[in-house]
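Just below is one structure, and these are the notes that go with it.
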Amino acid sequence: MPLHQGPGDPRPDGRLAVNPFYGLANPVGGMTDAPPHHRLPDGPLPPMSAYQLVHDELMLDGNSRLNLATFVTTWMEPQAGVLMAECRDKNMIDKDEYPRTAELERRCVAMLADLWNAPDPNTAVGCSTTGSSEACMLAGMALKRRWAQRNGDRYPARARPNLVMGVNVQVCWEKFCNFWEVEARLVPMQGDRFHLDAQSAADLCDENTIGVVAVLGSTFDGSYEPVAEICAALDALQERTGLDVPVHVDGASGAMIAPFLDEDLVWDFRLPRVSSINTSGHKYGLVYPGVGWALWRSPAELPEELVFRVNYLGGDMPTFALNFSRPGAQVVAQYYTFLRLGREGYRAVQQTSRDIARGLAERIDATGAFRLLTRGDQLPVFAFTTAPEITNFDVFDVSRRLREHGWLVPAYTFPADREDLSVLRVVCRNGFSADLAALFVDDLNRLLPELRAQQHPMNRDRSAETSFHH
Ligand SMILES: *Cc1c(COP(=O)(O)O)cnc(C)c1O
């Protein structure tokens, strides 16, 4: 399908359906003003009519709270909503006009630098973004520019830069490599290893490697990649060959889980080889979409020429971003959430999500119909497939049947070299309560006898697969 081209009009005449009630003053007016779908209407509509038309169409969107596919926050407190409404008119880039919003962004960066154990939180640098995708683009650009500076004699004339990562990386890294002309060196999955391992990462590095991406944790199954082991393998590589390859940690989800629940896990700036980290404020940072964060260990990791300056109280405010204008509301909501929860609050929220994920994984295991790939004990996320003896239904059937009950659970096939494996994935987020999890298991248990009675998997057409690698 071409970009943003709809599959055609839902109605043959290409117009929205109206109703006599939509005529504000003149009831008959509501029957005559049928606006077209795909052409700017000739004239205006009363606000009530326009609102009702848009509102009614959106009723067919799924219920976001039952969306077990997304990592992105679907519930915040009303107070956060009020603050966001108060700030929706503020442009994040207008640092001079909205100096307090700019200050809240700086405080968030300082809090994250401290949370991620930057050697000196006062000198760590970072910025807010629209999400992890933009943060990863910025981090990748910094890696590429640093490599280019070190290799000015060979680049761009002869050498082609590459980035080493697992095949399980989120699609934003494929985008980065495509947009910025970097070769993606992907380590395939193998057997029961569904993410990057240290030895394969080191083996793929050469003098043109701009960095290694380690993911905390993988969107495919919620597992943490072994960041410390990857760093150790690269230390050994440096000792052997002199190659000094930096690591970027894509902590889109895990960088807001591990600091609270896995304090003994060393994955962050405590590892000298970790030069930058990103996270999605709108995932386990617990803010509505779209906010993300990118941080560098120190100014040395972020080439100065990538940073632009905007006017700020008559002075210079450095910015590093792909966008220019973007809303300030999400950054304010992030600061609110940091202030509101503190470390203890975050720990309680994330522990609840992990407990629910682990409990749900166990109950799914107990049905006997499935095999768990992960158990929800890293990210509060787990993936499972059908048990080996199940041949009459598959994960796509389960996903489709759960949807009949309102549950959105993605089913998808793994990448190389495990294309033979198809899984379901459940993401437990704040707001997916133990009560909802119990209702989910009830619905699944009610479906299983029907699924077991099938002759064969229904969904033979693989083009019906869903994939939610976000
Ligand atoms: C979600 C995700 C991304 C992309 O983040 P957005 O905030 O959706 O742009 C990148 N990497 C990983 C590991 C993710 O989980």
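By convention here, the first residue in the shown sequence is residue 1. Both ligands and their constituent atoms are indexed starting at 1 by order of listing.
The closest approach between any non-hydrogen atom of Cys172 and ligand 1 is below 4.0 Å.
Heavy-atom proximity to atom 1 (C) of ligand 1, evaluated over Met137, His282, Lys283, is greatest for Lys283.
Using a 4.0 Å cut-off to heavy atoms of Ser280, the atoms of ligand 1 that qualify are 5 (O), 6 (P), 7 (O). The contact set between ligand 1 and Val215, taken as ligand atoms under 4.0 Å from a residue heavy atom, comprises 13 (C). Set against the non-hydrogen atoms of Gly131, the atoms of ligand 1 under 4.0 Å away are 7 (O), 9 (O). Applying the 4.0 Å criterion to heavy atoms of Ser133 picks out, from ligand 1, the atoms 4 (C), 5 (O), 6 (P), 9 (O).
A search for side chain to side chain donor-acceptor pair (under 3.5 Å) contacts involving Trp147 returns nothing, not counting sequence neighbours.
By the neighbour-count criterion of 12 heavy atoms within 6.0 Å, atom CD of Glu305 is densely surrounded, having more than that number from other residues, nucleotides or ligands.
Both the backbone and the side chain of Ser132 come within 4.0 Å of ligand 1, judged by heavy-atom distances.
For Asn278 and Trp293, the side-chain atoms include no donor-acceptor pair closer than 3.5 Å.
The stretch residues 372-388 participates, sequence neighbours left out, in these side-chain hydrogen bond (donor to acceptor under 3.5 Å, both in side chains) pairs: Asp365-Arg375.
Considering both main-chain and side-chain atoms, Gln170 never comes within under 3.5 Å of ligand 1 through any nitrogen or oxygen pair.
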**Request:** Determine, step by step, whether Arg429 and Lys283 satisfy the side-chain contact (heavy atoms from CB on, under 4.5 Å) criterion, reporting the C-alpha distance in whole Å, the side-chain angles of both residues, the deciding distance to 0.1 Å, and the verdict.
**Result:** CA-CA 8 Å; Arg429 297 185 308 279; Lys283 291 184 176 174; over 6 Å; no
**Request:** List the steps and the verdict of side chain to side chain donor-acceptor pair (under 3.5 Å) for Ser298 and Thr123.
**Result:** CA-CA 6 Å; Ser298 77; Thr123 60; over 6 Å; no
